[in-house]
Student: 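Structure in C-alpha coordinates, see below.
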Amino acid sequence: MARRVNIMLTVRALHSYIGAFVAPLVLFLTFTGSLQVFSLHEAHGGYTPPALLVRLSRVHKDQVIALPKARPQSDAAPRRQREHAAAPAPHKAAPHKAAPWAVTALKWLFVAVAAGLALSTLLGLWMAFTFGRRKRLILALLIAGAALPILLVALQG
(Lines give C-alpha, C1' and ligand atoms only; values in the text may rest on other atoms or scores of the structure.)
Protein backbone atom coordinates (compact mmCIF):
# COMPACT_ATOMS: atom_id res chain seq x y z
CA MET A 1 0.00 0.00 0.00
CA ALA A 2 2.83 2.41 0.89
CA ARG A 3 4.50 1.66 -2.46
CA ARG A 4 1.29 2.53 -4.30
CA VAL A 5 1.02 5.84 -2.43
CA ASN A 6 4.64 6.67 -3.32
CA ILE A 7 3.99 5.91 -6.99
CA MET A 8 0.91 8.15 -6.97
CA LEU A 9 2.84 10.99 -5.33
CA THR A 10 5.58 10.61 -7.94
CA VAL A 11 3.07 10.62 -10.79
CA ARG A 12 1.29 13.66 -9.34
CA ALA A 13 4.57 15.55 -8.98
CA LEU A 14 5.62 14.59 -12.52
CA HIS A 15 2.22 15.76 -13.79
CA SER A 16 2.75 19.12 -12.05
CA TYR A 17 6.22 19.55 -13.51
CA ILE A 18 5.19 18.68 -17.06
CA GLY A 19 2.07 20.83 -16.74
CA ALA A 20 4.07 23.83 -15.53
CA PHE A 21 6.45 23.53 -18.48
CA VAL A 22 3.75 23.20 -21.18
CA ALA A 23 1.24 25.64 -19.62
CA PRO A 24 2.53 28.78 -21.36
CA LEU A 25 2.24 27.17 -24.80
CA VAL A 26 -1.15 25.65 -24.02
CA LEU A 27 -2.43 29.11 -23.05
CA PHE A 28 -0.86 30.70 -26.14
CA LEU A 29 -2.28 28.09 -28.52
CA THR A 30 -5.77 28.22 -27.00
CA PHE A 31 -5.81 32.01 -27.32
CA THR A 32 -4.47 32.20 -30.88
CA GLY A 33 -6.52 29.21 -32.00
CA SER A 34 -9.68 30.85 -30.70
CA LEU A 35 -8.90 33.96 -32.73
CA GLN A 36 -8.33 31.85 -35.83
CA VAL A 37 -11.67 30.07 -35.49
CA PHE A 38 -13.34 33.36 -36.41
CA SER A 39 -10.58 34.36 -38.88
CA LEU A 40 -9.62 37.37 -36.79
CA HIS A 41 -6.04 36.97 -38.05
CA GLU A 42 -7.05 37.53 -41.71
CA ALA A 43 -8.29 40.60 -43.53
CA HIS A 44 -11.83 40.26 -44.91
CA GLY A 45 -14.48 42.76 -45.88
CA GLY A 46 -13.66 46.06 -44.19
CA TYR A 47 -11.74 44.33 -41.39
CA THR A 48 -7.96 44.57 -41.17
CA PRO A 49 -6.42 42.57 -38.32
CA PRO A 50 -3.88 44.16 -36.01
CA ALA A 51 -0.31 43.27 -37.00
CA LEU A 52 0.20 41.57 -33.63
CA LEU A 53 -2.64 39.10 -34.32
CA VAL A 54 -1.23 38.31 -37.76
CA ARG A 55 2.20 37.60 -36.30
CA LEU A 56 0.86 35.53 -33.39
CA SER A 57 -1.17 33.52 -35.88
CA ARG A 58 1.96 32.91 -37.95
CA VAL A 59 3.69 31.50 -34.86
CA HIS A 60 0.67 29.26 -34.17
CA LYS A 61 0.23 28.02 -37.74
CA ASP A 62 3.73 28.15 -39.26
CA GLN A 63 6.08 28.42 -36.24
CA VAL A 64 7.54 31.67 -37.62
CA ILE A 65 6.79 35.26 -36.70
CA ALA A 66 7.99 36.98 -39.88
CA LEU A 67 5.77 37.34 -42.90
CA PRO A 68 6.92 35.34 -45.93
CA LYS A 69 9.12 37.12 -48.47
CA ALA A 70 8.02 37.24 -52.08
CA ARG A 71 9.91 34.65 -54.10
CA PRO A 72 11.11 35.52 -57.61
CA GLN A 73 9.53 33.40 -60.31
CA SER A 74 11.92 31.03 -62.04
CA ASP A 75 11.77 29.98 -65.69
CA ALA A 76 10.37 26.62 -64.55
CA ALA A 77 7.30 28.26 -63.00
CA PRO A 78 5.59 29.22 -66.32
CA ARG A 79 6.32 25.72 -67.69
CA ARG A 80 4.70 24.11 -64.63
CA GLN A 81 1.70 26.40 -65.05
CA ARG A 82 1.34 25.37 -68.74
CA GLU A 83 1.64 21.67 -67.83
CA HIS A 84 -0.94 22.10 -65.07
CA ALA A 85 -3.32 23.89 -67.45
CA ALA A 86 -2.94 21.13 -70.06
CA ALA A 87 -3.65 18.34 -67.57
CA PRO A 88 -7.23 17.07 -67.46
CA ALA A 89 -9.30 18.64 -64.70
CA PRO A 90 -9.94 16.29 -61.78
CA HIS A 91 -13.51 15.30 -61.08
CA LYS A 92 -15.00 17.72 -58.60
CA ALA A 93 -17.77 16.60 -56.32
CA ALA A 94 -20.58 19.00 -55.59
CA PRO A 95 -19.63 21.14 -52.61
CA HIS A 96 -21.24 20.16 -49.35
CA LYS A 97 -23.67 22.81 -48.19
CA ALA A 98 -23.43 23.09 -44.43
CA ALA A 99 -26.13 24.75 -42.41
CA PRO A 100 -24.76 28.19 -41.46
CA TRP A 101 -26.08 27.89 -37.90
CA ALA A 102 -24.26 24.56 -37.48
CA VAL A 103 -20.95 26.05 -38.60
CA THR A 104 -21.38 28.98 -36.21
CA ALA A 105 -22.38 26.65 -33.37
CA LEU A 106 -19.31 24.48 -34.00
CA LYS A 107 -17.05 27.54 -33.96
CA TRP A 108 -18.48 28.63 -30.60
CA LEU A 109 -18.10 25.07 -29.29
CA PHE A 110 -14.41 25.13 -30.27
CA VAL A 111 -13.95 28.48 -28.52
CA ALA A 112 -15.73 27.14 -25.41
CA VAL A 113 -13.46 24.08 -25.37
CA ALA A 114 -10.41 26.35 -25.77
CA ALA A 115 -11.64 28.47 -22.85
CA GLY A 116 -12.16 25.31 -20.79
CA LEU A 117 -8.64 24.15 -21.63
CA ALA A 118 -7.20 27.53 -20.65
CA LEU A 119 -9.17 27.56 -17.39
CA SER A 120 -8.11 24.00 -16.61
CA THR A 121 -4.49 24.94 -17.28
CA LEU A 122 -4.70 27.96 -14.98
CA LEU A 123 -6.33 25.84 -12.27
CA GLY A 124 -3.57 23.26 -12.68
CA LEU A 125 -0.94 25.95 -12.20
CA TRP A 126 -2.74 27.23 -9.12
CA MET A 127 -2.88 23.70 -7.71
CA ALA A 128 0.81 23.12 -8.49
CA PHE A 129 1.79 26.26 -6.62
CA THR A 130 -0.68 25.71 -3.77
CA PHE A 131 -0.15 22.01 -3.09
CA GLY A 132 3.24 21.34 -4.69
CA ARG A 133 6.24 20.75 -2.49
CA ARG A 134 8.85 22.15 -4.87
CA LYS A 135 7.43 25.56 -5.77
CA ARG A 136 10.76 26.92 -7.03
CA LEU A 137 11.11 24.02 -9.47
CA ILE A 138 7.55 24.57 -10.69
CA LEU A 139 8.24 28.28 -11.15
CA ALA A 140 11.49 27.53 -12.99
CA LEU A 141 9.70 25.10 -15.33
CA LEU A 142 6.93 27.64 -15.95
CA ILE A 143 9.49 30.32 -16.83
CA ALA A 144 11.43 27.89 -19.03
CA GLY A 145 8.21 26.86 -20.78
CA ALA A 146 7.52 30.51 -21.60
CA ALA A 147 11.09 31.53 -22.43
CA LEU A 148 12.06 28.62 -24.70
CA PRO A 149 9.47 29.24 -27.44
CA ILE A 150 10.13 33.00 -27.30
CA LEU A 151 13.85 32.36 -27.66
CA LEU A 152 13.35 29.95 -30.57
CA VAL A 153 11.10 32.43 -32.38
CA ALA A 154 13.61 35.25 -31.73
CA LEU A 155 16.49 33.14 -33.10
CA GLN A 156 14.75 32.84 -36.46
CA GLY A 157 15.98 36.32 -37.29
Student: Counting distance only, does the side-chain N/O of Thr104 pair as donor-acceptor with the main-chain N or O of Pro100 below 3.5 Å?
Tutor: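 Looks like yes, one N/O pair under 3.5 Å.
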Student: Carefully, step by step, assess Thr130 and Lys135 under the rule side chain to side chain contact (heavy atoms under 4.5 Å, CB included).
Tutor: CA-CA 8 Å; Thr130 302; Lys135 291 174 179 49; over 6 Å; no
Student: Between Leu27 and Leu123, is there a shared hydrophobic cluster once you connect ILVMFWY residues whose side-chain heavy atoms come closer than 4.5 Å?
Tutor: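 Unlinked, Leu27 and Leu123 end up in two clusters.
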Student: If two hydrophobic side chains count as joined below 4.5 Å and joins carry through other members, does Leu125 share a cluster with Leu117?
Tutor: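 Shared cluster, yes.
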Student: Side chains of Leu56 and His60, heavy atoms from C-beta outward: is any pair under 4.5 Å?
Tutor: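 Heavy-atom side-chain distance check fails, nothing below 4.5 Å.
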Student: Counting C-beta onward and ignoring hydrogens, is there a side-chain heavy-atom pair between Leu142 and Pro24 closer than 4.5 Å?
Tutor: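 Leu142 vs Pro24: side chains touch.
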Student: Check whether any side-chain N or O of Gln36 sits under 3.5 Å from a backbone N or O of Glu42 as a donor-acceptor pair, and report yes or no.
Tutor: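 Side chain of Gln36 to backbone of Glu42, a donor-acceptor pair under 3.5 Å: no, none is there.
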Student: Just verifying a value: how many Å separate Leu14 CG and Ile7 CD1, rounded to the nearest 0.5 Å?
Tutor: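 One gets 13.0 Å once the value is rounded to the nearest 0.5 Å.
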Student: If you measure from CD1 on Ile150 to CG on Leu155, what distance do you get to the nearest 0.5 Å?
Tutor: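 The distance works out to 12.0 Å.
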Student: Taking all atoms of both residues into account, what is the closest heavy-atom pair of Ser34 and Val111, and its distance?
Tutor: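 So the two residues come closest at O-CG2, 4.2 Å.
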Student: Look up atom CE in Met127 and atom OG in Ser16, then write down how far apart they are to the nearest 0.5 Å.
Tutor: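 Answer rounded to 0.5 Å: 7.0 Å.
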Student: Between Leu137 and Leu139, is there shared hydrophobic-cluster membership here, with clusters defined by ILVMFWY side-chain heavy atoms closer than 4.5 Å?
Tutor: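 Leu137 and Leu139: one cluster.
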Student: Does any non-hydrogen side-chain atom of Val153 lie less than 4.5 Å from one of Val59?
Tutor: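 They are in side-chain contact.
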Student: What is the ring orientation for Phe38 with Trp108, classed by angle as parallel under 30°, tilted 30 to 60°, or perpendicular over 60°?
Tutor: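 If you compare the ring of Phe38 with that of Trp108, the planes turn out tilted.
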Student: Strictly distance-based, threshold 3.5 Å: is any side-chain N or O of Arg58 a donor or acceptor partner for the main-chain N or O of Ile65?
Tutor: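 No; judged by distance alone, with no hydrogens or angles, the pair does not exist.
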Student: Do the non-hydrogen side-chain atoms of Leu25 and Pro149 ever get within less than 4.5 Å of each other?
Tutor: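 In short, these two side chains touch, coming nearer than 4.5 Å.
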Student: Donor-acceptor pair, distance only, cut-off 3.5 Å: does the side chain of Thr10 make one with the backbone of Asn6?
Tutor: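 Looks like yes, one N/O pair under 3.5 Å.
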Student: I'd like to check the ring pair (Phe, Tyr, Trp, His ring centres under 6.0 Å) partners of Trp101; sequence neighbours left out, ordered by chain and number.
Tutor: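 Expected list: none.
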Student: Are Leu35 and Val113 linked, directly or through intermediate hydrophobic residues, by side-chain heavy-atom contacts shorter than 4.5 Å (ILVMFWY only)?
Tutor: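 Result: yes, single cluster for both.
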Student: May I ask whether Ile143 and Phe129 are part of the same hydrophobic cluster, defined by side-chain heavy atoms of I, L, V, M, F, W, Y residues being less than 4.5 angstrom apart, directly or through others?
Tutor: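 Yes: a chain of side-chain contacts under 4.5 Å links Ile143 to Phe129.
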Student: Do any N or O atoms from the side chain of His41 and from the backbone of Pro49 form a donor-acceptor pair under 3.5 angstrom?
Tutor: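 No: the side chain of His41 does not pair with the backbone of Pro49.
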Student: When you measure from the side chain of Tyr17 to the backbone of Leu141, do you find a donor-acceptor pair of N or O atoms at a distance under 3.5 Å?
Tutor: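 No, because the side chain of Tyr17 does not come within donor-acceptor range (under 3.5 Å) of the backbone of Leu141.
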Student: To check you understand the geometry: which heavy-atom pair defines the closest contact between Tyr47 and Leu40, and what is its length?
Tutor: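 Closest heavy-atom pair between Tyr47 and Leu40: OH-O, 2.7 Å.
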